[in-house]
Amino acid sequence: MNDLQLFCEQLVRLNAAMKELFEKGNLALFTEMNLAIKEMHRIEVTGKDPAFATLRADTEIVYKNFDMIIAVLRTTENGEIDEGAQVALNRLLHNIDTAVVNIAVALKLV
């Protein structure tokens, strides 16, 4: 399997975790998202496929917004997400979701 196919597998994994997170609100899914994003990043930076260069803007959105999600979650007290944190998390998740769709379109997956 080539680098781009492996990357696409992780993109699908991320999308599935986000879908379940939106449906069930299970915060444990952030761990699954983190694993998929880390693997996407590893594949992208070591991959040789020229498509990675065209995806870079959107992949950076995914990586940076997920880093911000972790930062927001670390500021919560006792794991309780207040209204302000929820607004921030929703916006960051929306940004990631939009970037994932953009990547899928660029790769002609949808």
Side-chain angles (χ1 to χ4, degrees):
M1 198 173 288
N2 70 37
D3 292 335
L4 195 54
Q5 289 171 319
L6 293 171
F7 180 87
C8 289
E9 281 184 354
Q10 295 308 310
L11 186 70
V12 169
R13 178 182 179 192
L14 172 61
N15 191 56
M18 289 184 62
K19 179 183 181 293
E20 190 173 341
L21 177 67
F22 288 139
E23 288 175 355
K24 298 180 180 171
N26 181 355
L27 297 182
L29 290 163
F30 282 124
T31 300
E32 177 65 14
M33 289 175 63
N34 186 41
L35 294 171
I37 290 169
K38 282 183 176 184
E39 188 62 12
M40 285 171 59
H41 184 263
R42 185 197 65 75
I43 294 166
E44 180 188 0
V45 298
T46 61
K48 306 286 188 248
D49 196 300
F52 290 127
T54 63
L55 304 175
R56 185 129 317 117
D58 285 306
T59 58
E60 285 299 315
I61 289 169
V62 171
Y63 307 147
K64 289 179 181 178
N65 278 268
F66 195 77
D67 287 346
M68 291 300 297
I69 286 172
I70 299 304
V72 168
L73 291 173
R74 286 184 178 151
T75 65
T76 62
E77 291 185 34
N78 300 323
E80 295 293 322
I81 298 174
D82 63 21
E83 185 178 336
Q86 187 63 58
V87 169
L89 290 173
N90 289 345
R91 186 63 177 145
L92 295 165
L93 286 167
H94 173 75
N95 292 346
I96 292 171
D97 188 52
T98 299
V100 166
V101 170
N102 291 343
I103 293 167
V105 168
L107 294 173
K108 298 180 180 18
L109 299 174
V110 291

**Student:** As an exercise, state the distance from CE of Met40 to OG1 of Thr59, rounded to the nearest 0.5 Å.
**Tutor:**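 If I round to the nearest 0.5 Å, the distance is 7.0 Å.
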
**Student:** Would you say Met68 and Phe22 are hydrophobically clustered, going by side-chain heavy atoms of ILVMFWY under 4.5 Å?
**Tutor:** yes

**Student:** To the nearest 0.5 Å, tell me how far Leu6 CG sits from Arg42 CZ.
**Tutor:**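 Those atoms lie 7.5 Å apart.
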
**Student:** At their closest point, which heavy atom of Tyr63 faces which heavy atom of Glu44, and how far apart are they?
**Tutor:**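 What the structure gives for the nearest pair is OH-OE1, 2.5 Å.
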
**Student:** Can Leu55 be reached from Val105 by stepping across I, L, V, M, F, W or Y side chains whose heavy atoms are under 4.5 Å apart?
**Tutor:** no

**Student:** For the CG atom of Leu11 and the CD atom of Glu39, what is their distance to the nearest 0.5 Å?
**Tutor:**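 It comes to 13.0 Å.
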
**Student:** Would a hydrophobic clustering, with Ile, Leu, Val, Met, Phe, Trp and Tyr connected at side-chain separations under 4.5 Å, put Leu29 with Leu35?
**Tutor:**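 No, Leu29 does not connect to Leu35 through the hydrophobic network.
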
**Student:** Could you check whether any side-chain heavy atom of Asp58 comes within less than 4.5 Å of a side-chain heavy atom of Val100, counting everything from C-beta outward?
**Tutor:**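 A side-chain contact is absent here, since even the closest heavy-atom pair is not under 4.5 Å.
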
**Student:** Classify the ring geometry of Phe66 against Phe30: parallel below 30°, tilted from 30° to 60°, perpendicular beyond 60°.
**Tutor:**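 Ring orientation of Phe66 relative to Phe30: tilted.
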
**Student:** Just so I know, are the side chains of Ile81 and Val72 near enough to count as touching, which here means a heavy-atom distance under 4.5 Å?
**Tutor:**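 Not touching, per the 4.5 Å side-chain cut-off.
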
**Student:** Taking CD in Glu83 as the centre, count heavy atoms belonging to other residues, nucleotides or ligands within less than 6.0 Å. Is the count above 12?
**Tutor:**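 It does not: Glu83 CD has 12 such atoms or fewer within range.
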
**Student:** Determine whether Lys64 and Asn95 make a side-chain contact, defined as any pair of heavy atoms from C-beta on separated by less than 4.5 Å.
**Tutor:** no

**Student:** Say whether Ile70 and Val87 are linked into one hydrophobic cluster, either directly or through other cluster members, by side-chain heavy-atom distances under 4.5 angstrom.
**Tutor:**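 Hydrophobic grouping puts Ile70 apart from Val87.
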
**Student:** Answer whether the closest heavy-atom distance between the side chains of Leu109 and Val12 falls below 4.5 Å.
**Tutor:**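 No, side chains not in contact.
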
**Student:** Measure the shortest side-chain to side-chain distance between Asn102 and Ile61 over non-hydrogen atoms and say whether it is less than 4.5 angstrom.
**Tutor:**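 Not in contact.
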
**Student:** Which distance, rounded to the nearest 0.5 Å, do you find between the CG of Asn90 and the CG of Leu92?
**Tutor:**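 Output value for this atom pair is 9.0 Å.
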
**Student:** Side-chain heavy atoms under 4.5 angstrom apart, residues restricted to Ile, Leu, Val, Met, Phe, Trp, Tyr: same cluster for Val101 and Ile103?
**Tutor:**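 Unlinked, Val101 and Ile103 end up in two clusters.
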
**Student:** I'd like to know whether Glu23 forms a salt bridge (charged side-chain N to carboxylate O under 4.0 Å, His left out) with Lys19, so could you lay out the CA-CA distance, the side-chain angles of the two residues, the decisive distance to 0.1 Å, and finally the verdict.
**Tutor:** CA-CA 6 Å; Glu23 288 175 355; Lys19 179 183 181 293; 2.6 Å; yes

**Student:** When rounded to the nearest 0.5 angstrom, what is the spacing between NZ in Lys38 and CD in Gln10?
**Tutor:** 13.0 Å

**Student:** To the nearest 0.5 Å, tell me how far Asn34 CG sits from Asp67 CG.
**Tutor:** 8.5 Å

**Student:** Under the 3.5 angstrom rule, does the side chain of Asp49 hit a backbone N or O of Asp3 as a donor-acceptor pair?
**Tutor:** no

**Student:** Side chains of Ile69 and Leu89: does their closest heavy-atom pair fall under 4.5 Å?
**Tutor:** yes

**Student:** Do the side chains of Arg56 and Glu60 get nearer than 4.5 Å, heavy atoms only?
**Tutor:** yes

